2 protein chains.
Amino acid sequence: MNLSAPIHRPSLHEELVDRLREMIVEDHFQPGEKIPEKSLCDSFGVSRTPLREALKVLASEGLVVLTPNRGSRVATVTPEELANTFPVLAALERLVGELSAARISDSEIAHIRERHEAMVRYHKERDRSAYFMANQDIHSAILRSAANPVLEQHHTALASRVRRARFMANISDDRWAQAITEHGEILAALEDRDGARLGALLSNHLLNKFAALQRALEGVSDAAE
Amino acid sequence: MNLSAPIHRPSLHEELVDRLREMIVEDHFQPGEKIPEKSLCDSFGVSRTPLREALKVLASEGLVVLTPNRGSRVATVTPEELANTFPVLAALERLVGELSAARISDSEIAHIRERHEAMVRYHKERDRSAYFMANQDIHSAILRSAANPVLEQHHTALASRVRRARFMANISDDRWAQAITEHGEILAALEDRDGARLGALLSNHLLNKFAALQRALEGVSDAAE
DNA sequence: TGACCGAATAATGAATTCAAAATTAAAAAC
DNA sequence: GTTTTTAATTTTGAATTCATTATTCGGTCA
């Protein structure tokens with residue numbers, strides 16, 4: 001690690017932004033749930049000032065909704081918003097693929113291959129949770145290898161808003177198998193360092209995931225009618 | 001206007017975020033300039049609390065840089081950051097083109113054609129400022145016609161961070177003429193509602209602009225050596 | 001019983017206050 | 001005269017306080 005890098009002592013509100021974002025993305029709150037300032041302040045042991053600053057930042061990221069004089073709630077993700085978000089993320093994924101193929105190192109590829117093989121095993125074993133982790137690792141390793149902080153930042157912001165969606169509908173066996181196939185192709189394109197192909201594959205991978213999700217959600221709402 | 005829309009009374013910090021963002025994007029501050037809380041509070045007639053909330057939001061948008069215990073400065077845009085931002089914007093522009101072609105109305109196209117023709121006149125008259133306005137109008141009309149708020153939000157955020165760049169180097173006559181040509185092609189693709197073509201044209205238009213900007217900046221730094 | 005009103009309570013928005021850190025100014029040493 | 005040390009001032013980070021707006025609860029009246 002770079003010892004001469006400037007030390008960054010995070011201020012309270014930064015700390016709170018990170019903690020709260022983590023809690024929201026990792027589903028410690030229900031979507032739409034009210035966020036009471038008082039009790040949160042108590043549990044974090046801070047005053048309302050930095051907490052409110054953090055909430056405003058999270059609101060600008062779209063993770064929280066502020067209603068004047070009525071406090072803040074965890075943002076809900078509507079199907080319409082999903083439909084708007086996925087194409088944007090897919091557009092970014094294409095760029096991720098193009099940049100990653102041009103910039104990724106051999107050791108990064110080796111690491112991804114290793115996680116890929118683990119993921120295939122988890123699929124065979126039907127270990128959803130381990131699968132999700134490996135999948136996550138692979139995608140964030142590719143994103144990092146694109147070496148573009150601006151891209152990374154916006155990708156992460158968008159992804160965190162739809163992350164919750166993966167809990168909304170359980171993935172079908174068919175889609176799961178298809179995803180594994182797609183991941184195989186992605187790894188191949190990565191090892192070939194074929195940017196155009198990798199970008200297309202990553203983009204389609206995401207759009208297919210969205211299509212599967214939409215089918216699952218429609219099924220749910222149909223059943224509810 | 002929709003009279004039954006819910007009234008939105010903005011809180012102080014929202015108001016401040018908008019005002020400050022406008023001021024930063026429209027170059028009322030020097031890049032890197034210190035933002036003294038006290039004097040800003042005085043000029044806005046508010047206390048530090050809402051101002052600091054606003055600064056934190058702007059920092060998360062990347063327009064302001066906060067250094068703990070040392071206050072806030074207007075973010076500077078480094079060449080490296082430009083190089084990271086333009087490809088991301090270009091990726092979004094492609095999606096804008098695809099969506100816009102599919103969704104834009106005849107009257108929106110008519111409006112854009114009107115602004116386009118005005119812009120061509122301004123080019124002939126060498127009226128840079130009017131040209132910039134018309135150009136801006138066209139691009140934001142296309143963006144709006146894509147009818148995707150998520151896309152719009154991220155596009156706007158990225159664009160505002162590089163907007164300042166247009167002041168950094170004056171556009172060359174060659175590039176200006178080329179831009180006009182590209183705009184003609186964009187309008188044609190729009191009227192044909194050819195999404196793939198429009199997306200490619202918009203994306204390349206932006207990347208060409210960036211290339212011209214980079215050449216101009218290199219020229220500047222070379223001259224300074 | 002249940003809809004409506006009003007007081008009590010709680011939550012929020014924003015100003016103020018206080019403590020810690022940084023900056024500036026002044027004094028001392030070389 | 002320049003650099004270093006130290007004190008004063010300013011600026012920032014965060015807690016507290018105050019005013020305003022919601023919400024809840026209890027009571028009234030149909």
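Residue numbers begin at 1 in each chain, while the letters A, B, ... track the order of the sequences. For clarity, every value in this text was computed on a predicted model and none was experimentally measured.
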**Student:** Ignoring hydrogens and angles, tell me if any N or O in the side chain of B:S203 forms a donor-acceptor pair with the backbone of B:A90 under 3.5 Å.
**Tutor:**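 Yes, because the side chain of B:S203 sits within donor-acceptor range (under 3.5 Å) of the backbone of B:A90.
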**Student:** Any Lys/Arg nitrogen of B:R161 or B:E61 sitting under 4.0 Å from an Asp/Glu carboxylate oxygen of the other?
**Tutor:**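 Looking at B:R161 and B:E61, the cut-off is not met.
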**Student:** Give me the ring orientation class for A:F86 and A:F210: parallel if the planes are under 30° apart, tilted from 30 to 60°, perpendicular past 60°.
**Tutor:**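 Because their plane-to-plane angle is under 30°, the rings of A:F86 and A:F210 count as parallel.
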**Student:** Got a donor-acceptor contact below 3.5 angstrom from the B:N208 side chain to the B:N204 backbone?
**Tutor:**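 Checked: pair present.
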**Student:** So which atom in A:E81 and which in A:T76 form the shortest heavy-atom distance, rounded to 0.1 Å?
**Tutor:**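 For A:E81 and A:T76, the tightest heavy-atom pair comes out as OE1-O, 3.5 Å.
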**Student:** Which residues in residues 40-54 of chain B have a heavy atom closer than 4.0 Å to any atom of DNA chain D?
**Tutor:**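 B:R48, B:R52, in order of number.
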**Student:** Whole Å only: how far is the CD1 atom of B:I35 from the P atom of D:dG13?
**Tutor:**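 For the pair B:I35 CD1 and D:dG13 P, the rounded distance is 12 Å.
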**Student:** Roughly how bent is the helix from C:dT1-D:dA30 to C:dC30-D:dG1 end to end, in steps of 10 degrees, with each end axis from five pairs?
**Tutor:**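 About 0° separates the two local helix axes.
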**Student:** In terms of side-chain geometry, is the basic nitrogen of B:E108 or B:R144 positioned less than 4.0 Å from the acidic oxygen of its partner?
**Tutor:**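 Salt bridge flag = no for B:R144 with B:E108.
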**Student:** Give a yes or no on whether the backbone of A:G199 and the side-chain of A:R94 come within a donor-acceptor separation of less than 3.5 Å.
**Tutor:**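 Checking the backbone N and O of A:G199 against the side chain of A:R94, no donor-acceptor pair under 3.5 Å is found.
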**Student:** Please determine whether a side-chain nitrogen of the Lys or Arg among A:R73 and A:E33 lies less than 4.0 Å from a carboxylate oxygen of the Asp or Glu.
**Tutor:**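 No, this pair does not count.
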**Student:** How far apart are the closest heavy atoms of A:L206 and A:E93, and which atoms are they?
**Tutor:**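 For A:L206 versus A:E93, the nearest heavy atoms are CD2-CG, 4.1 Å.
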**Student:** So what does B:K34 hit on the nucleic acid, given a heavy-atom distance under 4.0 Å: a base, only sugar-phosphate, or nothing?
**Tutor:**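 Since only primed, P, OP1 and OP2 atoms lie under 4.0 Å of B:K34, the category is sugar-phosphate.
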**Student:** Once you round it to whole Å, what is the distance between P of D:dT20 and CG of B:L12?
**Tutor:**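 So the CG-P distance, B:L12 to D:dT20, works out to 14 Å.
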**Student:** Is the closest basic N to carboxylate O distance between A:R52 and A:E37 below 4.0 Å?
**Tutor:**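 Salt bridge: yes.
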**Student:** What's the CG-P distance between A:N69 and D:dA19, to the nearest Å?
**Tutor:**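 After rounding, the reported distance stands at 17 Å.
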**Student:** What integer distance in Å separates A:E37:CD from D:dT21:P?
**Tutor:**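 Taking CD of A:E37 and P of D:dT21, I get 17 Å after rounding.
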**Student:** For DNA chain C, note the earliest and the latest nucleotide, 5' to 3', having some atom under 4.0 Å of a heavy atom belonging to chain B.
**Tutor:**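 It runs C:dA14 to C:dT23.
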**Student:** Anything under 30° is parallel, anything over 60° is perpendicular, the rest tilted; go ahead and classify A:H139 against A:H205.
**Tutor:**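 Parallel: the ring planes of A:H139 and A:H205 meet at under 30°.
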**Student:** Reading DNA chain D from 5' onward, which residue's closest nucleotide shows up sooner: A:S11 or A:P68?
**Tutor:**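 So the residue in question is A:S11.
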